Q: 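Pasting in a structure now, in structure tokens, and then I'll have a few things to ask.
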Amino acid sequence: MDTMRERFTSTVSRLLDEDPRLAVVLAEIGVANFAEAQRAHPDRVINVGIREQLLVGVGGGLALTGMRPIVHTFASFLVERPFEQLKLDFGHQGTGGVLVSAAGSYDWPAGGFTHMSPGDVALLNTLDGWTVHVPGHPDEAETLLRHAAAADDDAVYVRLSAHGNTAPRDVTPGRFLTVREGRGGVVIAVGPMLDNVLAAVAGLDVTVLYATTVRPFDERSLRAAVQAGTGSADVVLVEPYLAGTSTTAVNDALPDLPHRVLGLGIGRRELRRYGGIEEHLAGQRLDPASLRERISGFLGR
């Protein structure tokens, strides 16, 4: 099976052939993967070198001309380093485009903390109007990428990851998917966290919602799941980035309903000694055994 990044490259290369509005902007990372597309469309596959602020600025400039830019690099270089350009060249100018990140919170542990971005979604959430997709499988990534590329002028962030689920789900952009139903609480699994969540709640009487779009937050699906339960609502949110990023969105969805929220995700403390992705997940207590302990402990209170 291909990875999300490989599917991104193949999908966007085909989209360049189909839609003359599209342009890909890169900052050295991923250039080799787009070599064939660059030969076919030399004016619409642009490499600005290791200049991440310029990367976003060029994307914003292309959007001002009516193009639909697809801007790609690691999350730490796409959201954190050029944040001022995102705020001004897209937000202030009222332009749209598609930001596609890789490396996420912990995808390349050997790269160190410079190549990790657990706070990217929380940071982007300080800006108005962004749609945020978090696929959990390459097939879902393609669905969400195609939807984002076809939008007229929306500002969209697609967060790709090397961590994923074993099987794709039939996702709809903007909507949570009900994976299983129960009456003892609601667990929202975001993107790559679904498999671990399902393993963790095996045998528990809970509803599991699968979220591949987290902004805008699907309040309707959450409210329906909560109202199908009994008594007050217990909601557990499991995100593959900074813990608590979407707890405010849960509270905003349930202003008139008694509820409790537990936000699980990446902690603020930097883990300095770990191996690969699985070791990192265990270190963050996001492996199935740790999730079961935390979720059942919260629901049992």
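The structure displayed is predicted, hence computed values, not measured ones. When reading the values below, keep in mind they use all heavy atoms of this one structure, side chains included, and skip hydrogens, waters and symmetry mates.
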Q: Check the side chains of T245 and E239 for a donor-acceptor pair under 3.5 angstrom, ignoring hydrogens and angles.
A: no
Q: When you check the gap from the basic side-chain N to the acidic O, do E18 and R14 get nearer than 4.0 Å?
A: no
Q: Tell me, please, which residues at least two apart from D19 pass salt bridge (charged side-chain N to carboxylate O under 4.0 Å, His left out).
A: R21
Q: Taking side-chain contact (heavy atoms from CB on, under 4.5 Å) as the test, write out the residues that go with R175, two or more places apart.
A: T172, D218, S221
Q: Applying a strict under-4.5 Å side-chain criterion to I, L, V, M, F, W and Y, I'd like to know whether V261 and L242 cluster together.
A: no
Q: Test of understanding: clusters of I, L, V, M, F, W, Y form through side-chain heavy atoms closer than 4.5 Å, transitively. Do V158 and V171 belong to the same one?
A: no
Q: Less than 4.5 Å apart, any side-chain heavy atom of T131 and any of Y157?
A: no
Q: Is the charged tip of R159 near the ring of Y241: under 6.0 Å from the six-membered ring centre and within 45° of its axis?
A: no
Q: Residues in side-chain contact (heavy atoms from CB on, under 4.5 Å) with E84, at least two apart?
A: L88
Q: For L64, check side-chain contact (heavy atoms from CB on, under 4.5 Å) against everything at least two apart and list the hits.
A: Q93, T95
Q: Would you please say whether a donor-acceptor pair under 3.5 Å links the side chains of S161 and D107?
A: yes
Q: If I compare all heavy atoms of F176 with all of A211, which pair ends up nearest, and what's the gap?
A: CE2-CB, 3.4 Å
Q: In terms of side-chain heavy atoms, does T213 have a donor or acceptor partner in H133 at a distance below 3.5 Å?
A: yes
Q: Would you list the atom pairs, donor with acceptor, under 3.5 Å between side chains in residues 48-63 and any protein atom, with sequence neighbours excluded?
A:
residue, atom, partner, partner atom, Å
R51, NH1, V48, O, 2.8
E52, OE1, R81, NH1, 3.2

Q: Using atom types as modelled, flag every donor-acceptor pair under 3.5 Å from a side chain in residues 122-129 to any protein atom, sequence neighbours excluded.
A:
residue, atom, partner, partner atom, Å
N125, OD1, R215, NE, 2.8
T126, OG1, L123, O, 2.6

Q: Are F113 and L271 grouped together when hydrophobic residues (ILVMFWY) are joined by side-chain heavy atoms under 4.5 angstrom apart?
A: yes
Q: Nearest 0.5 Å, what's the CG-CD1 distance between L26 and I46?
A: 9.0 Å
Q: Tell me, please, which residues at least two apart from D256 pass salt bridge (charged side-chain N to carboxylate O under 4.0 Å, His left out).
A: R223
Q: Can you find a side-chain donor-acceptor pair between Y210 and E140 that sits under 3.5 Å?
A: yes
Q: Return yes if some donor-acceptor pair links the side-chain N/O of T207 with the main-chain N/O of G182 below 3.5 Å, else return no.
A: yes
Q: Output every pair passing side chain to side chain donor-acceptor pair (under 3.5 Å) with a member in residues 23-36, not counting sequence neighbours, ordered by first then second residue.
A: E28-N47
Q: Go through the structure and list residues passing ring-ring contact (aromatic ring centres under 6.0 Å, His included) with F8, not counting sequence neighbours.
A: F34, H72
Q: Go through the steps for D287 and S290 under the test side-chain hydrogen bond (donor to acceptor under 3.5 Å, both in side chains), then give the verdict.
A: CA-CA 5 Å; D287 58 293; S290 298; 2.7 Å; yes
Q: Output all residues satisfying side-chain contact (heavy atoms from CB on, under 4.5 Å) with D153, sequence neighbours left out; order by chain, then residue number.
A: none
Q: If the condition is ring-ring contact (aromatic ring centres under 6.0 Å, His included), which residues does H41 pass it with, not counting sequence neighbours?
A: none
Q: Could you check if a side-chain atom of D170 sits within less than 4.5 angstrom of a side-chain atom of L177, using non-hydrogen atoms only?
A: no
Q: Is there a side-chain contact between T212 and R169 in this structure, where contact means two heavy atoms from C-beta onward sitting under 4.5 Å apart?
A: no
Q: E6 side chain to T3 main-chain N or O, any donor-acceptor pair under 3.5 Å?
A: yes
Q: Judged by atom type as modelled, is there a donor-acceptor pair below 3.5 Å linking the side chain of H280 to the main-chain atoms of E278?
A: no
Q: With a 3.5 Å cut-off and sequence neighbours excluded, list the donor-acceptor pairs that the side chains of residues 191-202 form with protein atoms.
A:
residue, atom, partner, partner atom, Å
D195, OD2, T166, N, 2.7
D195, OD2, T166, OG1, 3.3
N196, ND2, L286, O, 3.0

Q: Taking only Lys NZ, Arg NE, NH1 and NH2, and the carboxylate oxygens of Asp or Glu, determine whether D139 and R7 approach each other closer than 4.0 Å.
A: yes
Q: Rounded to the nearest 0.5 Å, how far does OG of S101 lie from CD of E80?
A: 10.5 Å
Q: Is the shortest side-chain heavy-atom distance between V187 and I295 below 4.5 Å?
A: yes
Q: With side chains defined as the heavy atoms from C-beta onward, is the minimum distance between P135 and L160 less than 4.5 Å?
A: yes
